[in-house]
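Report on one structure; see the data block that follows.
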Number of protein chains: 2
Amino acid sequence: MSSTMFVDRTAESGGGAVGDASTELPVPPWRKPRKSGRSAAARRPLTRELIVEAALRVLDAEGLDAVTMRRVAQELGTGPASLYAHFANKDELLEEMLDLIAAEITLPEPDAARWQEQVKEVAREIREVWRGHRDIARASLGTIPTGPNQLRIAEGQLAIMRAGGVPPRIAALALDSLGLFIDADVIEGAMMGEKGATNEEAHANVAVYLDQVRQYFTALPAERYPNLVAMVDELMRAGDDERFEFGLDLFVRGIASHARGIVSG
Amino acid sequence: MSSTMFVDRTAESGGGAVGDASTELPVPPWRKPRKSGRSAAARRPLTRELIVEAALRVLDAEGLDAVTMRRVAQELGTGPASLYAHFANKDELLEEMLDLIAAEITLPEPDAARWQEQVKEVAREIREVWRGHRDIARASLGTIPTGPNQLRIAEGQLAIMRAGGVPPRIAALALDSLGLFIDADVIEGAMMGEKGATNEEAHANVAVYLDQVRQYFTALPAERYPNLVAMVDELMRAGDDERFEFGLDLFVRGIASHARGIVSG
DNA sequence: ACCTGAACACCGTTCAAGT
DNA sequence: ACCTGAACACCGTTCAAGT
């Protein structure tokens with residue numbers, strides 16, 4: 001309940017539609033534009049919120065590399081210079097995009113008895129939300145959370161671990177390491193499926209690429225790389241959810257062992 | 001011994017010096033350039049090796065963002081188009097840079113009795129070599145190793161774990177997860193110190209930035225973020241070696257527990 | 001205060017033309 | 001076969017000028 005307090009999903013209204021009834025009617029040719037060549041989308045004055053939402057639309061449709069000041073401005077029917085009245089630079093825009101996305105993440109009420117499972121739940125939740133927005137994790141990796149929603153999530157993760165009896169030093173280190181691991185996992189996953197506009201195209205491309213890699217590894221000289229060649233099948237399972245669950249389990253076991261001095265199993 | 005077989009350190013000769021005796025003498029003004037305005041560096045015909053070495057020089061001096069086809073070409077006294085006779089695109093150049101850097105990594109002979117410590121040793125070695133080349137880890141994260149030196153390292157890691165009795169499936173998952181963690185750690189570390197040409201400048205900038213972050217966290221409303229505020233000191237230790245050792249220890253304990261069914265301690 | 005056109009100093013990549 | 005100048009279609013950011 002209280003965990004959704006700060007959630008803001010305005011970005012999902014997107015698409016530029018004014019209301020439910022407006023289903024992209026053609027503009028009557030006799031109605032001239034009010035002043036100059038401005039597009040309909042540019043009518044409303046710019047705000048930070050409108051800009052972030054436009055950037056998010058570009059991200060979801062085309063990936064982080066497509067999120068340029070020029071492309072976002074185009075989405076709003078204006079030029080790149082106009083954005084600098086609201087954001088000092090592109091990094092500031094990326095930060096706000098990341099926090100708006102972080103708003104989608106919901107947290108459980110800390111339950112001391114279930115803290116290990118809850119740490120995993122939150123990690124999976126962060127991963128899924130990140131994965132829902134292409135390669136946004138690239139903007140998260142290596143940054144210190146400062147936005148309200150990123151702070152809310154960090155606070156929630158710490159609360160769960162502290163409730164479970166994890167000492168402060170261990171909880172802090174775990175928060176940090178786990179964040180690195182989640183971001184890295186999502187970035188790897190996004191890189192695999194980055195080509196191809198549609199999801200089907202991306203899936204097909206990944207399959208073709210992985211098959212080429214498998215052939216390459218199989219053709220490697222076995223006397224030089226005996227383990228690599230022998231373990232092709234195990235190695236090719238990368239990118240799967242299995243890798244993430246494996247690493248996640250390692251982390252939580254380890255945190256628990258640090259918390260209580262010995263592993264319970 | 002055999003681990004250094006493929007090592008190639010030619011990149012470290014760098015700087016454009018021809019031999020030990022040539023200590024940057026001024027060019028006599030009466031000696032006209034041989035044909036046109038070509039610089040001395042451009043005299044030798046281009047090869048893939050010369051290009052990769054030039055790119056590595058730019059990387060070490062200015063970071064990965066400075067490694068552009070134009071900047072590398074400039075380093076060689078030519079134009080960007082010339083590089084495309086030797087590399088299909090920038091990604092191919094980055095791959096070869098990464099593999100040349102990976103050549104610096106040395107591996108221990110697998111010792112079944114010490115496999116856990118050896119896994120850690122190799123992880124630390126990879127981290128140190130990556131850290132020695134700015135943010136090159138950004139080019140490693142999310143890519144499948146294909147170059148000879150990257151393959152050599154993966155093979156070595158697998159050999160150590162297999163010698164220690166780690167089952168193939170676990171070894172493959174661990175290799176993958178550990179790679180993600182190392183790359184992410186180095187990227188985070190590099191982002192912290194990315195500003196400032198000299199190391200002293202970078203260090204000073206990081207200190208200033210971290211102090212600002214500390215103040216920001218301390219000023220946060222304690223009723224909303226009780227754990228974050230209470231744990232500022234623990235959280236600010238990020239980027240330190242402690243975080244890496246913590247995560248590394250988690251991984252190795254976890255691998256061992258998967259290998260033998262239960263943790264020995 | 002907010003917005004804009006034009007410019008500055010860059011990108012990766014291509015291609016016809018040279019040797 | 002290798003190299004090049006020039007061009008194409010982009011970048012982030014600044015700034016004087018407009019409203």
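Naming: A, B, ... by sequence-line order, numbering from 1 per chain.
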**Study point:** Distance (rounded to the nearest 0.5 Å) between B:N89 CG and B:L83 CG
**Key:** 11.5 Å
Check your understanding: Could you give the CG-to-C1' distance, from B:L93 to C:dC11, as a whole number of Å?
Key -> 15 Å
Practice item. For C:dA9 versus D:dC10, give the span between their C1' atoms, rounded off to a whole number of Å. Key: 13 Å
**Study point:** B:I105 side, atom CD1; B:E125 side, atom CD - distance, nearest 0.5 Å
**Key:** 6.5 Å
Review point. Does the side chain of B:T78 get closer than 4.0 angstrom to OP1 or OP2 of D:dC3 through an N or O atom?
Key: no
Point to revise | Length of the line joining A:L83:CG and C:dA1:C1', which is rounded to integer Å | key: 16 Å
Review point. Which residues pass the salt bridge (charged side-chain N to carboxylate O under 4.0 Å, His left out) test with B:E96, sequence neighbours left out?
Key: B:R48
Exercise for review: Keeping the roles fixed (side chain from A:T218, backbone from A:R214), state whether a donor-acceptor pair exists under 3.5 Å.
Suggested key: yes
Practice item. Rounded to the nearest 0.5 Å, what's the gap from CD1 on A:I101 to CG on A:L56? Could you check? Key: 4.5 Å
**Study point:** Whole-Å distance separating the CD atom of B:Q74 from the C1' atom of C:dA9
**Key:** 13 Å
Exercise for review: Please step through salt bridge (charged side-chain N to carboxylate O under 4.0 Å, His left out) for the pair B:D60 and B:R134, ending with a clear verdict.
Suggested key: CA-CA 6 Å; B:D60 291 348; B:R134 301 284 201 123; over 6 Å; no
Point to revise | Aromatic ring proximity, centroids under 6.0 angstrom, B:F181 and B:F244 | key: yes
Review point. How about A:R71 and A:Q74: do any of their side-chain heavy atoms sit closer than 4.5 Å?
Key: yes
Review point. Can A:H133 and A:E104 be counted as having a side-chain donor-acceptor contact under 3.5 angstrom?
Key: yes
Point to revise | Base-pair map of DNA chain D as dot-bracket, where | denotes pairing with a different strand and pairs are Watson-Crick or G-U under 3.5 Å | key: ||.|||||...|||||.||
**Study point:** N/O (side chain, A:H86) to phosphate O (OP1/OP2, C:dC3) under 4.0 Å
**Key:** yes
Review point. Can you give one letter per nucleotide of nucleotides 12-19 of chain C, going 5' to 3': B for a protein heavy atom under 4.0 Å from the base, S for sugar-phosphate only, - for none?
Key: BBBB----
Exercise for review: Starting at atom CG of B:D65, determine the distance to atom P of C:dA9, rounded to an integer number of angstrom.
Suggested key: 20 Å
Review point. A:F87 CZ to C:dC3 P: how many Å, rounded?
Key: 12 Å
